[in-house]
Protein chains: 2
Amino acid sequence: MTQGQSRPENTRGLLFLTDEQLRKGIEAMFFAYRGFTADPDRILAEKSYGRAHHRALHFIHRSPGTTVNNLLATLGVTKQSLNRVLRTLIEDGLVLNEVGIRDKRQRHLTLTDAGADLESALSNAQSDRMRSAYRQAGADAVYGFCTVLEAMMDPELKEHYEHLTGGEQQ
Amino acid sequence: MTQGQSRPENTRGLLFLTDEQLRKGIEAMFFAYRGFTADPDRILAEKSYGRAHHRALHFIHRSPGTTVNNLLATLGVTKQSLNRVLRTLIEDGLVLNEVGIRDKRQRHLTLTDAGADLESALSNAQSDRMRSAYRQAGADAVYGFCTVLEAMMDPELKEHYEHLTGGEQQ
DNA sequence: TTAATACGTCAGTGTTGTTGACATTCCAAG
DNA sequence: CTTGGAATGTCAACAACACTGACGTATTAA
């Protein structure tokens with residue numbers, strides 16, 4: 001905090017928000033997201049992968065055995081777009097693609113050891129910055145951070161976010 | 001908050017953070033950023049512009065008369081990439097490009113009335129969601145939100161962020 | 001048997017980013 | 001006044017990642 005955001009005041013139960021405060025939040029999101037992706041991007045560039053590969057690895061790690069359709073809905077891209085990424089990951093031996101048992105149309109996606117290694121390298125790079133930011137900001141700030149982010153999500157996306165924590169998937 | 005993030009505990013002055021908490025923050029950033037850009041993206045799609053046009057309009061609005069080099073540093077892209085975007089904005093009469101007086105090599109960028117109109121439409125769409133999220137989350141959460149985001153920025157980017165608030169630009 | 005689902009793929013297109021090379025204009029230092 | 005370098009603009013080529021539309025193939029379910 002060098003200059004810091006002035007704390008919005010709560011008058012008569014309704015939060016008073018100036019344009020300045022809102023604009024500052026918008027710019028904070030822009031600049032912070034750049035920092036958020038910077039570290040994994042450097043690792044990915046070495047291996048000539050992109051952010052899309054990172055996202056796929058992350059969510060496959062998070063929900064091992066997930067199906068293509070599940071991943072599609074979580075990532076919010078078209079199957080053609082995801083397929084391009086998945087194909088290279090499978091060819092390179094980072095992701096396993098297994099035909100479903102109950103439903104043979106489905107393909108279950110899992111990380112191989114190599115895939116888990118890369119995912120973990122990317123995840124660590126990102127987590128390091130996140131941890132440092134959390135520690136700088138303090139416990140209460142972290143709680144507020146997540147609360148605002150959750151309130152900012154599209155309701156449909158928020159469901160995916162919450163499902164991940166529940167740990168379903170099949 | 002349906003499930004919510006468990007509040008990290010502050011033991012012996014050092015914030016204790018589980019992998020789960022960090023991962024949740026990472027996913028929150030991912031899903032929230034999608035919501036963050038969704039509304040302006042819809043407006044931009046109608047006019048066959050992209051996010052890059054939005055960013056350019058935003059920062060020109062924020063610092064009227066800024067130079068191309070200033071904008072370049074703030075946006076963190078190459079001049080070729082920015083030039084493509086600026087050219088269409090100038091051709092379409094949304095941005096004014098004036099040769100500098102003190103230094104005639106520089107081009108000073110300003111929004112035209114039409115440019116200001118579009119910028120304001122985009123900004124309002126984004127601010128509406130931000131305001132709603134802020135109100136849902138409450139004043140303390142907003143303060144924490146900005147604090148963590150600022151701690152997440154690259155130091156060099158953070159300077160740009162802070163300069164904007166100071167309101168410099170010659 | 002038929003319709004719908006899950007997946008993959010081919011082809012084309014658009015936005016946004018990147019390098020590298022090169023020209024122009026202009027300021028400032030020698 | 002010449003020259004080096006900074007600021008700007010432009011051309012070409014390329015890559016990542018998104019999109020649409022169309023088609024094919026299993027497989028499941030009605």
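Reminder, nothing fancy here: chain letters follow the sequence lines and each chain counts from 1.
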Legend entry - Spacing of CD belonging to E159(B) relative to CG belonging to D154(B), to within rounding of 0.5 Å: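 Rounded to the nearest 0.5 Å, the CD-CG separation comes out at 11.0 Å.
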
Inset, instruction - Could you grab the distance from atom CG of L109(B) to atom CG of L89(B), nearest 0.5 Å is fine? - result: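 Interatomic distance, L109(B) CG to L89(B) CG, rounded to 0.5 Å: 9.5 Å.
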
Reckon [X] touches a base, only the sugar-phosphate, or nothing at all at heavy-atom distances under 4.0 Å?
X: R87(B); result: sugar-phosphate
X: R51(A); result: sugar-phosphate
X: D41(B); result: nothing

Inset, instruction - Verify the neighbour count for atom CG of D19(B): are there more than 12 heavy atoms of other residues, nucleotides or ligands below 6.0 Å? - result: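 Result for CG/D19(B): open.
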
Value in whole Å for how far the [atom2] atom of [N] lies from [atom1] of [X]:
X: L44(B); N: dA18(D); atom1: CG; atom2: P; value: 17 Å
X: Y33(A); N: dT16(C); atom1: OH; atom2: P; value: 16 Å
X: N70(A); N: dC7(C); atom1: CG; atom2: C1'; value: 14 Å
X: L82(A); N: dC19(D); atom1: CG; atom2: C1'; value: 14 Å
X: I90(A); N: dG8(C); atom1: CD1; atom2: P; value: 7 Å
X: L72(A); N: dT20(D); atom1: CG; atom2: P; value: 12 Å
X: N83(B); N: dA21(C); atom1: CG; atom2: C1'; value: 15 Å
X: E98(B); N: dG9(D); atom1: CD; atom2: P; value: 13 Å

Any donor-acceptor pair, under 3.5 Å, between the side chain of [X] and the base of [N], if you only look at N and O atoms?
X: R105(A); N: dT5(C); value: yes
X: R84(B); N: dG17(C); value: yes
X: K79(B); N: dT8(D); value: yes
X: Q80(A); N: dG21(D); value: yes

Legend entry - Shortest side-chain distance from R107(A), nucleotide among dC7(C), dA18(D), dT8(D):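 That would be dC7(C).
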
Taking only the side-chain nitrogens and oxygens of [X], find out if one of them lies under 4.0 Å from OP1 or OP2 of [N].
X: R55(B); N: dG17(C); answer: yes
X: N69(B); N: dT8(D); answer: yes
X: N97(B); N: dG9(D); answer: yes
X: T78(A); N: dC19(D); answer: yes

Legend entry - Aromatic contact, F36(B) with F31(B) (centres under 6.0 Å):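 Centroid distance F36(B)-F31(B): not below 6.0 Å, so no.
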
Inset, instruction - Would you check if the distance from the ring center of F30(A) to the ring center of Y33(B) is below 6.0 Å? - result: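 Aromatic pair excluded; centres sit 6.0 Å or further apart.
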
Inset, instruction - Take S48(A) and I101(A), find for each the nucleotide of DNA chain D with the closest heavy atom, and name the residue whose nucleotide sits nearer the 5' end. - result: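 In this pair, the answer is S48(A).
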
Inset, instruction - Report the residue (V68(B) or H53(A)) whose heavy-atom-nearest nucleotide on DNA chain D is the more 5′ of the two. - result: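 The 5'-side residue here is V68(B).
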
Legend entry - For G93(B) against A114(B), the heavy-atom pair lying closest together: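 Scanning both residues, the minimum pair turns out to be O-CB, 4.0 Å.
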
